[in-house]
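Data block below; observations after.
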Amino acid sequence: MQQPWWKESVVYQIYPRSFCDSNGDGVGDLRGIISKLDYLHALGIDVVWLSPVYKSPNDDNGYDISDYQDIMDEFGTLADWDELLAGLHARGIKLVMDLVVNHTSDEHRWFVEARQSKDNPYRDYYIWRPGREGHEPNNWESHFSGSAWQLDEATGEYYLHLFSRKQPDLNWENPQVRAEVFQMMRWWLDKGIDGFRMDVINMISKAPGLPDAPAVPGQRYVYGGQHFLYGPRLLEFLHEMKREALAGYDVLTVGETPGIGPQQASELTDPEKGVLSMVFQFEHMGLDGGASKWEQRPWSLVELKQVMTRWQQGLEGRGWNSVYLNNHDHPRALSRFGDDGVYRVQSAKLLATLTHLLQGTPYIYQGEEIGMTNVSFPAIDDYRDIETLNAYREMVTERGIAPEAALASLRVKSRDNARTPVQWDASPNAGFTSGQPWIQVNSNYLTINASQALADPDSIFYYYRRLIDLRKANPVIVYGRYELLLAEHPQLYAFTRTLDDDRLLVLLNFSAGPLALELPAGLSLAGSELLIGNYPAEGAEAASLRPYEARVYRLR
Ligand code: NOJ
């Protein structure tokens, strides 16, 4: 059977605001990306996913869109975008655009109209409700703190916003909304793009009646996920999208789907009956959080293995995984799951080995390929992200948490960790901009930067390149069945991948110490071939793994 191209691809995510600035205004832009196309080509990736570049007032850095069919002024023009697409395609790289249609900006023409009056033809494009005894229509909490409802003084009703109040939710129950979205999608597809990453796409169908979330003592607003994370009409809407917008185009679609499990994911990504190529699941992103992501707890390897294994097995033969450890919404994977100190290089390569050897399509987030780390901003004024700023305000003013403690938690979890500018070289501002960057550059850019990585044959960058080449040469890496070994081992992540009689063994030492290698009965390295490792091959025979050592063998 002919397999879809996106299973064999590696995707690279660009967060344009922080990638590369060509005109010195301190904000990354399309021409900046164009200037780095050879860099991307050298890395060997197949697809670029571009975070939103559409017109936006930037309340949430482009995830609040005011015009879906035009480019944000700071990023350039549609002509620049055409050039970017052509430049990618000329290098054999595909382009996946971000599709943010759970909500628009409140500055989108539809919402500007909708708030004019209750009988405006666009009113029903959004979700309006009268107040309940002078309060919000229900108790749902926004993802960015506070109520998910905003009172519109002029018309006396509230509108729903699951994210910021400048991101009103679209009313997908309205067929006209769906028709507009599908038409816009076809407009981009006809320009020649290769797919969509669909922002919180599992939230577009809300439970009828918008019921309250079960109360939580001491909390005025409560997360209402059970009423919108896999709503009753979700599959119907996405089937309609498949028919009306996507049919006839050979594209990659990846749904961002927080809060769903493997069963639902396989429903969404089933090769025949499904609606999407793959989804981003979030279970592993929650392993070091508490009731909220800001509450910290140490993550454990045993749990990480359980979660990854549940997804690997849950989708085997039923759907398709996307594999990632970080993106623009999460801390740097290296600081979170690896060691951003002494073993920075080794642990970055170990994490890369994991994401590239699991079954599914691997995603690399900009800067990951050079081992960028979390940033340690001294003050709240250094942060830019709306989620972070709102959470800090709530922690300090409403929950009485000491500012230093709140800041400590931001340093670990803020999305801004992933949004500091890409470190290109050791020149001022890491070569990201000749002006004042919109967010500070991480001070470690003098040693951690792309120019250094390109000059060092043993760099993290070239290790990614080798992993990508390995994947291309070995179908077992793409299609092989996954099997976990030594599930309870607290430091070793070991698994096999098997396709017909080809069998790989992946060994990952998730610790800063040496680890004696005791393979389960029946497995032996005798006669095996070491395909890749993050230490010099000499010494790989030894019966112990070095700190953060990763090895992949082809077993005999
Ligand atoms: C998920 C996006 O990845 C995130 O950056 C954004 O804030 C929310 N969806 C809202 O669009």
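Both ligands and their constituent atoms are indexed starting at 1 by order of listing. Numbering of residues begins at 1 and proceeds along the displayed sequence.
Geometrically, R233 does not engage W172 in a cation-pi contact defined by less than 6.0 Å to the ring centre and at most 45° from the axis. With a 6.0 Å cutoff to the six-membered ring centre and a 45° limit on the axis angle, K191 counts as a cation-pi contact of W187. Judged by a 6.0 Å distance limit and a 45° cone about the ring axis, R17 is positioned over the six-membered ring of W438. With a 6.0 Å cutoff to the six-membered ring centre and a 45° limit on the axis angle, K206 does not count as a cation-pi contact of W140.
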As a test of reading the model: which N/O atoms of the protein lie under 3.5 Å from N/O atoms of ligand 1, and at what distance?
{"residue": "ligand 1", "atom": "3 (O)", "partner": "R197", "partner atom": "NH2", "Å": "3.0"}
{"residue": "ligand 1", "atom": "3 (O)", "partner": "H328", "partner atom": "NE2", "Å": "2.8"}
{"residue": "ligand 1", "atom": "3 (O)", "partner": "D329", "partner atom": "OD2", "Å": "2.4"}
{"residue": "ligand 1", "atom": "5 (O)", "partner": "H328", "partner atom": "NE2", "Å": "3.0"}
{"residue": "ligand 1", "atom": "5 (O)", "partner": "D329", "partner atom": "OD1", "Å": "2.7"}
{"residue": "ligand 1", "atom": "5 (O)", "partner": "D329", "partner atom": "OD2", "Å": "3.4"}
{"residue": "ligand 1", "atom": "5 (O)", "partner": "R415", "partner atom": "NH1", "Å": "3.3"}
{"residue": "ligand 1", "atom": "7 (O)", "partner": "D60", "partner atom": "OD1", "Å": "3.4"}
{"residue": "ligand 1", "atom": "7 (O)", "partner": "D60", "partner atom": "OD2", "Å": "2.5"}
{"residue": "ligand 1", "atom": "7 (O)", "partner": "R415", "partner atom": "NH1", "Å": "3.0"}
{"residue": "ligand 1", "atom": "9 (N)", "partner": "D199", "partner atom": "OD1", "Å": "2.9"}
{"residue": "ligand 1", "atom": "9 (N)", "partner": "D199", "partner atom": "OD2", "Å": "3.2"}
{"residue": "ligand 1", "atom": "11 (O)", "partner": "H103", "partner atom": "NE2", "Å": "2.9"}
{"residue": "ligand 1", "atom": "11 (O)", "partner": "D199", "partner atom": "OD2", "Å": "2.7"}

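Taking the centre of each ring, W311 and F280 stay at or above the 6.0 Å mark.
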Residues 49-56, side-chain donor-acceptor partners within the protein, below 3.5 Å, at least two apart:
{"residue": "W49", "atom": "NE1", "partner": "D98", "partner atom": "OD2", "Å": "3.0"}
{"residue": "S51", "atom": "OG", "partner": "Q13", "partner atom": "NE2", "Å": "3.1"}
{"residue": "S51", "atom": "OG", "partner": "Y63", "partner atom": "OH", "Å": "3.0"}
{"residue": "Y54", "atom": "OH", "partner": "D98", "partner atom": "O", "Å": "2.6"}
{"residue": "K55", "atom": "NZ", "partner": "I71", "partner atom": "O", "Å": "2.9"}
{"residue": "K55", "atom": "NZ", "partner": "D73", "partner atom": "OD1", "Å": "3.1"}
{"residue": "S56", "atom": "OG", "partner": "N58", "partner atom": "N", "Å": "2.8"}
{"residue": "S56", "atom": "OG", "partner": "D64", "partner atom": "O", "Å": "2.7"}
{"residue": "S56", "atom": "OG", "partner": "D64", "partner atom": "OD1", "Å": "3.1"}

